[in-house]
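Here's the structure, in structure tokens; my notes come after.
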Amino acid sequence: RVHLVESGGGSVQAGGSLKLSCTASGDIYNFGSMAMGWFRQAPGKEREGLVAIETTGATIYAESVKGRFTSSKDKTKNTLYLEMNSLNSDDTAMYYCAADPNACVSSILNCHYDYQGPGTQVTVSS
């Protein structure tokens with residue numbers, strides 16, 4: 001079993017930046033080749049897939065965050081990062097990291113995962 005914990009959320013003004021971390025522990029064979037993702041969910045809205053990282057390391061971004069968000073892995077720390085720039089009020093949501101996709105519908109950004117963290121709140125004020 002894989003355990004994921006996000007951190008780094010908080011409140012920021014529009015135009016600001018935040019960097020989220022997702023630390024993995026447990027049954028991790030090779031963190032570098034683990035398929036992972038980031039998604040968010042705002043109150044009253046559907047879950048939105050933001051980033052998908054394939055086993056090859058290829059990273060796919062949703063159009064809503066492309067050019068503003070960057071995801072990376074630190075294999076020495078079993079940690080996945082999400083650097084978020086030029087934040088706006090539409091980015092306000094609970095952010096989750098996830099690992100091991102088991103089913104995807106229509107897009108690699110729309111996957112269900114075997115594991116996900118409890119989430120970290122991001123609030124952007126205008």
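Because the structure is a prediction, the values reported are computed rather than measured. Scope of the values below: all heavy atoms of this structure, side chains included, with no hydrogens, waters or symmetry mates.
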Search all heavy atoms of [X] against all heavy atoms of [Y] and return the closest pair with its distance.
X: Ala42; Y: Ala93; answer: N-CB, 3.9 Å
X: Leu18; Y: Leu87; answer: N-CD1, 3.9 Å
X: Val51; Y: Tyr113; answer: O-OH, 4.5 Å
X: Ser71; Y: Leu80; answer: OG-CD1, 3.5 Å
X: Ser21; Y: Thr79; answer: CB-CG2, 4.1 Å
X: Ser107; Y: Cys111; answer: O-SG, 4.0 Å

Main chain of [Y], side chain of [X]: is a donor-acceptor contact present, judged purely on distance under 3.5 Å?
X: Ser64; Y: Ala62; value: no
X: Arg47; Y: Gln41; value: no
X: Thr59; Y: Gly57; value: yes
X: Thr120; Y: Gly9; value: yes

Side chains of [X] and [Y], heavy atoms from C-beta outward: is any pair under 4.5 Å?
X: Leu50; Y: Leu109; value: no
X: Val122; Y: Met84; value: yes
X: Phe39; Y: Asn110; value: no
X: Asn85; Y: Thr70; value: no
X: Cys22; Y: Met36; value: yes
X: Phe31; Y: Lys73; value: yes
X: Pro118; Y: Glu6; value: yes
X: Ile28; Y: Asn78; value: yes

Should Arg40 and Asp91 count as an ion pair when the cut-off is N to O under 4.0 Å?
yes
Measure the acute angle between the ring planes of Phe69 and Tyr95, then classify it against the limits of 30° and 60° as parallel, tilted or perpendicular.
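Rings of Phe69 and Tyr95: tilted, 30 to 60°.
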Please report the interatomic distance [atom1]([X]) to [atom2]([Y]), rounded to the nearest 0.5 Å.
X: Glu48; Y: Asp90; atom1: CD; atom2: CG; answer: 9.5 Å
X: Ser125; Y: Gln13; atom1: OG; atom2: CD; answer: 5.0 Å
X: Ser106; Y: Ile108; atom1: OG; atom2: CD1; answer: 13.0 Å

Are [X] and [Y] connected in the hydrophobic side-chain network, where two residues link if heavy atoms are under 4.5 Å apart?
X: Leu20; Y: Ile60; result: no
X: Val12; Y: Leu82; result: yes
X: Ile53; Y: Tyr96; result: no

Using a distance-only test with no angle check, is there a side-chain donor-acceptor pair under 3.5 angstrom linking Ser17 and Glu83?
no
Within 45° of the six-membered ring axis of Tyr81 and under 6.0 Å from that ring's centre, is NZ or CZ of Lys19 located there?
yes
Derivation and outcome, side chain to side chain contact (heavy atoms under 4.5 Å, CB included), residues Met34 and Asp100:
CA-CA 7 Å; Met34 181 181 292; Asp100 288 350; 3.8 Å; yes
